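Step one of this worksheet: look at the structure below.
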2 protein chains.
Amino acid sequence: MNDPMNKKMIRIKDIAKLSGVSVGTVDRVIHKRGKVSDTAREKVEKVLDEINYTPNLLAKTLGSNKVYSIALLVPDPGQDPYWKLTMTGLDTAKQEWRPYHMDLQPYFFELESAQSFQYAAKELMENPPDAVVCAPIFLNEALAFFEQLDQQKIPYVQFNTMIPEVKPLSFIGQDAYQSGILGASLLHLVSKNQTGNQAILHIRENVQHSVHFREKERGFREYFRKLPQSQTVSSVIIEGEDMNTFEDKLIGAIKKENIKGLYIPTSSGATLTVDVLEKNGLGHISVVGYDLLKENIVLLKSGKIDFLIHQNPSRQVFRGIYHLANHLLFKKRSPEKELFPLEVITAENVDSYLEAILH
Amino acid sequence: MNDPMNKKMIRIKDIAKLSGVSVGTVDRVIHKRGKVSDTAREKVEKVLDEINYTPNLLAKTLGSNKVYSIALLVPDPGQDPYWKLTMTGLDTAKQEWRPYHMDLQPYFFELESAQSFQYAAKELMENPPDAVVCAPIFLNEALAFFEQLDQQKIPYVQFNTMIPEVKPLSFIGQDAYQSGILGASLLHLVSKNQTGNQAILHIRENVQHSVHFREKERGFREYFRKLPQSQTVSSVIIEGEDMNTFEDKLIGAIKKENIKGLYIPTSSGATLTVDVLEKNGLGHISVVGYDLLKENIVLLKSGKIDFLIHQNPSRQVFRGIYHLANHLLFKKRSPEKELFPLEVITAENVDSYLEAILH
DNA sequence: ATGAAAGCGCTAACAC
DNA sequence: GTGTTAGCGCTTTCAT
């Protein structure tokens, strides 16, 4: 903005001298803390208006000499490869913030159990951190937790799933609706030469996730509805249970609805599906899936999945921590929302993503 | 790695006490500066081995009390929309590093004039910065400049174009060969239904850029060569001059070679090309271009360009500055190479990229 | 309400 | 060679 060329940077001491008060008073005025007389305040503010003071953040942090802690509340990475990716983000953040003595502690809950979310949240609060990064998988339980944080004035970042009811320091994630549109367009492109219908496949999606997945479905349908020659879209819902039921349901639907393309919003769903397709000689069906899970990468490279959309969970937590750390350490303000780009992964660019440093 | 839960962080003072020497000596051992007796060194090193000391970077930087400057040497952003994007990266970096009193100064040269590169480099060196970020468009001139920097022990980051002959602090950019492969695969995908040949279009590419563009071409050709039914690829070279010549050459080549798909490695080349195609009723020809230039975005959204590949020049400079700042301020070591992912942009995800904070 | 002064952890200059 | 000490710019405490 303005030239930082002026040799000497302005210090609180300088402001004090210029306005004829002590550094203590200047500090009080700047941070609106303690008592200051109107006359003193005016003198200082006058000087502040004229010069352009930017505090030295290093000194600020050093002087206040606190060790901050940030807790991370996420699904157990051992239970799901998608959530396992978030640990990379945590590790990178740990390294990055280590020199600032930031204490980063993860707490895990079962992906399928709202109760375990409550339990993990409770454990977390037994030793209240200075800030929290949370994936609010379970709507009600998350709301209760966030309320608790609000009460204790603990700032938090919400990521992955967007719950509009709360006002976190920031939300980090993607536009799920647009993600559905993108998925649809990719599927459309890649299955142009085949005849048949498109389908969205819901595999073991918690009802609780539903906001997220519903938005994806809405986008997906919208794309095909808007097409010049509007196409119908089937929806195949598979609750879970055993592989045989899964196979029967899936193959049944494909045959019945004459499906040529499958959109699979759940990261780990693509592997299961492709296995079944292969086994049943349905390898020609186009597949668009999510995320850089090991299995997905293999399938992508071998051409069994056509596209992946990258949600970048590792970076989501990395950025969540980043915002909170900046908030705590440097009082920097964070964006209300940080929406990640919807990244298209193909066999040809997947390696470039794997090599890239948490970008 | 290891638990940061131990209430108190270890300070140099602690190490001094534990090893029975003074803080000065500990500092000397840690930084291998000044003279230390072997016995003292051993005592300190023994303690260092046992405990896990991470220096407080805030205190470190504050104590050494320097104002660092980083110079940026890039093509004039006024002359080319691609290079204009780098200014976003500079601005963001300025904001980010402002609190650390980092002085960031850009120097510009003419995109088509090696001499102006020399001139700008000379001007830059009249007031030697502590580090340099440079886009080495002109091979020989860049080599001379880098040599000068090496001599003066000024660290530098090389971005956008990879010159293997030098050893900068880091290189930032993309794998151009793989980028060509990606471009080819996208073009192949999108033009499957049409008959004809693929072509790569070279528009006003300085000979000096050639490493970069040659690699892209190599990848592009390689993709089609490896295809089960190997396809031929034409290469259309347009030196510059006026629009009419451009049009004649382009249309001539398209007709003659029966071209159905165009790969355009130069960011600003796509607009020119699409204009000519439209005008000549050749709107059906598929186009893959580069980068999020305003004009490209419009064409992408209207379906006149099928895909863009994002080189993210703004982030390239942002990261370049990031590495150098960390190097200077915190003595952090940077990666030799930071390869960006090859990002695929479509009409459906382009907005998500525009919204995204310099990601 | 305000000023003076003691840190924060590290660096660097200085004395011995 | 080694220990001591005065900063770096800010926060925080303690007198006044």
Side-chain angles (χ1 to χ4, degrees), chain A residues 7-45 47-48 51-68 98-102 328-332, chain B residues 4 6-45 47-48 51-68 98-102 328-332:
Chain A
K7 282 282 169 291
K8 284 278 148 236
M9 298 309 305
I10 293 153
R11 297 139 33 243
I12 278 198
K13 206 181 185 178
D14 302 318
I15 299 174
K17 191 167 293 171
L18 285 172
S19 44
V21 298
S22 73
V23 291
T25 303
V26 174
D27 183 74
R28 282 169 208 125
V29 171
I30 289 176
H31 297 292
K32 306 188 201 309
R33 57 179 158 221
K35 307 272 167 202
V36 187
S37 70
D38 287 347
T39 62
R41 163 168 295 105
E42 275 163 28
K43 280 192 288 185
V44 174
E45 279 173 347
V47 175
L48 283 174
I51 56 127
N52 189 300
Y53 171 65
T54 36
N56 183 324
L57 292 193
L58 299 171
K60 179 170 193 157
T61 316
L62 183 60
S64 71
N65 186 38
K66 259 185 72 89
V67 171
Y68 291 104
R98 179 172 209 183
Y100 300 95
H101 297 156
M102 180 78 44
L328 296 172
L329 232 38
F330 304 130
K331 313 286 175 255
K332 268 200 204 165
Chain B
N6 313 325
K7 280 283 168 291
K8 285 278 150 236
M9 298 309 305
I10 292 153
R11 296 140 31 245
I12 279 198
K13 207 181 184 179
D14 301 319
I15 299 173
K17 191 167 294 170
L18 285 172
S19 43
V21 298
S22 73
V23 291
T25 303
V26 174
D27 182 76
R28 281 170 208 123
V29 172
I30 289 176
H31 298 291
K32 307 189 200 309
R33 58 178 156 221
K35 307 273 168 200
V36 188
S37 70
D38 286 347
T39 62
R41 162 168 296 105
E42 275 163 27
K43 280 192 287 184
V44 174
E45 279 173 346
V47 174
L48 284 174
I51 56 130
N52 189 298
Y53 172 66
T54 37
N56 183 326
L57 293 194
L58 298 171
K60 177 172 195 152
T61 315
L62 184 59
S64 70
N65 187 38
K66 258 187 73 90
V67 171
Y68 290 104
R98 179 172 208 182
Y100 300 94
H101 297 156
M102 181 76 45
L328 296 172
L329 233 38
F330 303 130
K331 313 285 174 253
K332 267 199 204 167

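What you see is a predicted model; the values in this text were computed from it and never measured. Residue numbers start from 1 in every chain, and the chains themselves are labelled A, B, ... in the order their sequence lines are given, proteins ahead of strands.
Note: CD1 (B:Ile12) to P (C:dG7) measures 19 Å, nearest angstrom. Between the CZ atom of B:Arg11 and the C1' atom of C:dC8 there is a distance of 9 Å, given to the nearest Å. Counting to the nearest Å, the C1' atom of D:dC8 and the CG atom of A:Asp14 are 13 Å from each other. D:dG9 atom P lies 19 Å from atom CG of A:Leu329, rounded to whole Å. One can place OH of B:Tyr68 at 16 Å from P of D:dC8, the figure rounded to the nearest angstrom. Whole-Å rounding puts the B:Lys17 NZ to D:dT2 P distance at 20 Å. Note: CG (B:Asn56) to C1' (C:dG9) measures 6 Å, nearest angstrom.
Annotation for A:Ser22 and A:Ala16: closest pair C-CB, 3.8 Å, computed over non-hydrogen atoms. Closest of all the heavy-atom pairs between A:Arg41 and A:Val29 is CA-CG2, 4.0 Å. Counting all heavy atoms, side chain and backbone alike, B:Leu329 lies closest to B:Met102 at CD2-CE, 3.7 Å. Of all heavy-atom pairs between A:Ile12 and A:Tyr53, the closest is CG1-OH, 3.4 Å. B:Ala40 approaches B:Val36 most closely through the heavy-atom pair CB-CG1, 3.8 Å.
Residue pairs that meet the salt bridge (charged side-chain N to carboxylate O under 4.0 Å, His left out) test with at least one member in residues 20-34 of chain A, sequence neighbours left out, are A:Asp27-A:Arg33.
Near DNA chain C, meaning a heavy atom under 4.0 Å away, there are no residues from residues 34-45 of chain B. Heavy-atom distances under 4.0 Å link DNA chain C to B:Asp27, B:Arg28, B:His31, B:Arg33 of residues 19-33 of chain B, given in residue order.
Distance CD1/B:Ile30 to CD/B:Glu45: 10.0 Å, rounded to 0.5 Å. Note that CG of B:Asn52 is 7.0 Å distant from CD1 of B:Ile10, once rounded to the nearest 0.5 Å.
Residue B:Tyr53 has a polar side-chain atom (N or O) positioned under 4.0 Å from OP1 or OP2 of C:dC10.
Salt bridge B:Lys17/B:Asp14: absent, no basic N to carboxylate O contact under 4.0 Å.
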